[in-house]
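Here's the structure we're looking at; comments come further down.
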2 protein chains.
Amino acid sequence: MSGTHTDKYQQQHHHAVCAAASVFAEKGFHGASTKDIAERMGIKQGSLYYYFKSKEEALGEVCLFGIEDYVQRMDHIAKSDQPFEAKLLATITSHLSSYREKNEALKVHNDERLYLPKEKRTKLKQLGSRYRESLEGIFEEGIDSGALRNSLDCHFAAQSVIGVCNSWGDIIVRDPNLDLFDIIQKCTDLLLNGFRERRKSARSTT
Amino acid sequence: MSGTHTDKYQQQHHHAVCAAASVFAEKGFHGASTKDIAERMGIKQGSLYYYFKSKEEALGEVCLFGIEDYVQRMDHIAKSDQPFEAKLLATITSHLSSYREKNEALKVHNDERLYLPKEKRTKLKQLGSRYRESLEGIFEEGIDSGALRNSLDCHFAAQSVIGVCNSWGDIIVRDPNLDLFDIIQKCTDLLLNGFRERRKSARSTT
DNA sequence: TATTCTTTCTATAAATCTATAGAATTCTCG
DNA sequence: CGAGAATTCTATAGATTTATAGAAAGAATA
């Protein structure tokens with residue numbers, strides 16, 4: 001109840017969250033055992049319950065850890081005073097860098113969060129929505145500034161940015177040798193051009 | 001050894017693959033039990049082993065079922081005699097339609113295949129590579145035809161198409177009310193424009 | 001009907017996994 | 001040092017899971 005914890009507790013708790021993230025990322029929530037997590041920490045299986053009430057709680061903490069600061073960064077970008085293009089670049093950079101830095105927890109959030117009970121998913125869903133809505137706002141600014149065509153579906157655009165970043169994020173996680181900056185650049189090019197005002201529509205579908 | 005099976009066997013086997021796909025898609029490979037699969041088929045847990053040697057073999061069959069005809073369709077498109085733009089549209093249509101039709105097996109292939117042992121993943125990996133390479137070939141044609149800029153990284157482009165389609169595929173699976181044709185159209189627009197020859201580069205990064 | 005082949009069932013062995021309880025150890029600080 | 005708090009360990013109950021063996025039921029055929 002009283003919220004105070006030892007320094008060592010806090011450190012070990014963080015260590016536990018990282019170990020759980022690592023194991024969940026590798027084996028999935030159900031494929032990972034509490035023994036696996038404990039071993040990665042260097043303690044015994046039973047001792048893990050000093051830091052987590054249950055395996056599921058561990059998953060909840062990992063998911064939250066994976067997404068929270070990444071959403072905050074997005075808020076920051078959205079509120080900042082930059083032109084649309086710069087905001088999009090910053091978003092993609094932030095998204096992909098998050099993957100490379102704390103790749104495992106973010107991956108776990110994306111792949112395993114649906115195994116959490118409904119109540120626990122609510123907070124995550126709110127964070128996710130906040131992220132998407134901020135991104136939609138950026139695209140609306142892009143339309144207003146004339147950089148993007150009026151007919152653009154901002155929801156589609158935001159969702160597509162997230163999809164492209166997550167998909168490349170996965171690839172980055174699997175292959176740490178890839179040139180992050182190169183991918184950021186190419187993703188930004190793709191998305192900027194993909195939604196930009198066009199001179200002439202190429203296809204005409206009745 | 002002798003390869004012949006009853007009609008009923010073949011039907012039930014297919015039924016079993018679909019049940020497994022459904023359960024794996026919902027709970028993940030490790031989260032799903034053989035009891036779950038059997039129940040979805042309407043038989044008892046032990047009887048499942050009349051159709052699969054092991055749970056893992058079931059996963060292997062589901063993954064293969066999920067990807068095989070979808071790759072064949074891609075071969076067909078790549079070999080066909082259409083301009084680049086039509087091939088890209090056909091690819092995206094095929095990819096997203098696959099998701100809507102046999103969504104579960106394809107989802108399982110994408111999300112759970114890494115839990116297969118290395119040997120079993122080899123065949124899947126070959127199919128996946130064939131898919132990506134065909135797509136890269138289509139982009140090369142696009143460059144040759146002048147529709148795409150020379151500097152385009154075809155590997156990046158193909159991987160991005162796959163990423164966008166998988167990401168929207170997941171969303172489509174989760175929400176069957178979405179307008180498939182609308183999403184196909186918008187994805188095609190995004191990817192066509194994203195890789196198209198531009199008049200003037202917007203950003204200049206040293 | 002009797003025979004044989006196919007399909008499903010029941011029961012269970014063996015392994016694993018989560019979570020808890022209480023003992024043992026280590027740390028902190030007067 | 002010594003008391004109390006914090007941390008980790010051991011051991012285990014209880015539930016679940018995969019896979020197998022052999023009996024039972026159903027279908028096909030002569």
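Below, read A as the first sequence line, B as the second, and so on, with proteins coming before strands; counting in each chain starts at 1.
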Any side-chain N or O of [X] under 4.0 Å from OP1/OP2 of [N]?
X: A:T34; N: C:dT18; result: yes
X: B:Y51; N: C:dT8; result: yes
X: A:T6; N: D:dA5; result: no

>> Both B:D7 and B:G46 contact DNA chain C. Taking the nearest nucleotide for each, which residue is further toward the 5' end?
In response: B:D7
>> My understanding is that only one of A:E61, A:K8, A:H5 makes a side chain to side chain donor-acceptor pair (under 3.5 Å) with A:H13; could you say which?
In response: A:E61
>> Counting the atoms with a prime plus P, OP1 and OP2 as sugar-phosphate, which does A:A32 contact under 4.0 Å by heavy atoms, base, sugar-phosphate, or nothing?
In response: sugar-phosphate
> NA contact type, B:A38, heavy-atom cut-off 4.0 Å: base, sugar-phosphate, or nothing?
Replying inline: nothing
Over how many whole Å does the gap from [X] atom [atom1] to [N] atom [atom2] extend?
X: A:K55; N: C:dC17; atom1: NZ; atom2: C1'; result: 8 Å
X: B:K44; N: D:dA24; atom1: NZ; atom2: C1'; result: 14 Å
X: B:Q11; N: C:dT7; atom1: CD; atom2: C1'; result: 13 Å
X: B:K53; N: D:dA19; atom1: NZ; atom2: P; result: 10 Å
X: A:Q45; N: D:dA13; atom1: CD; atom2: C1'; result: 13 Å
X: A:Y50; N: D:dA5; atom1: OH; atom2: P; result: 12 Å
X: B:I43; N: D:dG26; atom1: CD1; atom2: C1'; result: 15 Å
X: A:Y49; N: C:dG22; atom1: OH; atom2: C1'; result: 17 Å

> Is B:D182 salt-bridged to B:K186, going by a charged N under 4.0 Å from an acidic O?
Replying inline: yes
>> Taking the basic N atoms (NZ, or NE/NH1/NH2) and the acidic carboxylate oxygens, is any pair closer than 4.0 Å for B:E26 and B:R40?
In response: yes
> At their closest point, which heavy atom of A:Y51 faces which heavy atom of A:E57, and how far apart are they?
Replying inline: O-OE1, 4.2 Å
> Where do A:V108 and A:F24 come nearest, in terms of heavy atoms and distance?
Replying inline: CG2-CB, 3.7 Å
> A:S47 has a side chain; which of D:dA6, D:dC9, C:dT7 sits nearest to it?
Replying inline: D:dC9
>> By nearest atom, which of the nucleotides C:dT7, D:dT18, C:dA19 is closest to the A:S54 side chain?
In response: C:dA19
> If you pin B:H30 and A:G42 to their nearest nucleotides in DNA chain D, which one's is more 5'?
Replying inline: A:G42
>> Once you measure the plane-to-plane angle for A:H95 and A:Y70, does it fall in the parallel (<30°), tilted (30-60°) or perpendicular (>60°) bin?
In response: perpendicular
> If you fit an axis to the five pairs at each end of the helix from C:dT1-D:dA30 to C:dG30-D:dC1, how big is the angle between those two axes, to 10 degrees?
Replying inline: 10°
>> Cation-pi check for B:Y99 against B:K107: NZ or CZ below 6.0 Å from the six-membered ring centre and within 45 degrees of the axis, yes or no?
In response: no
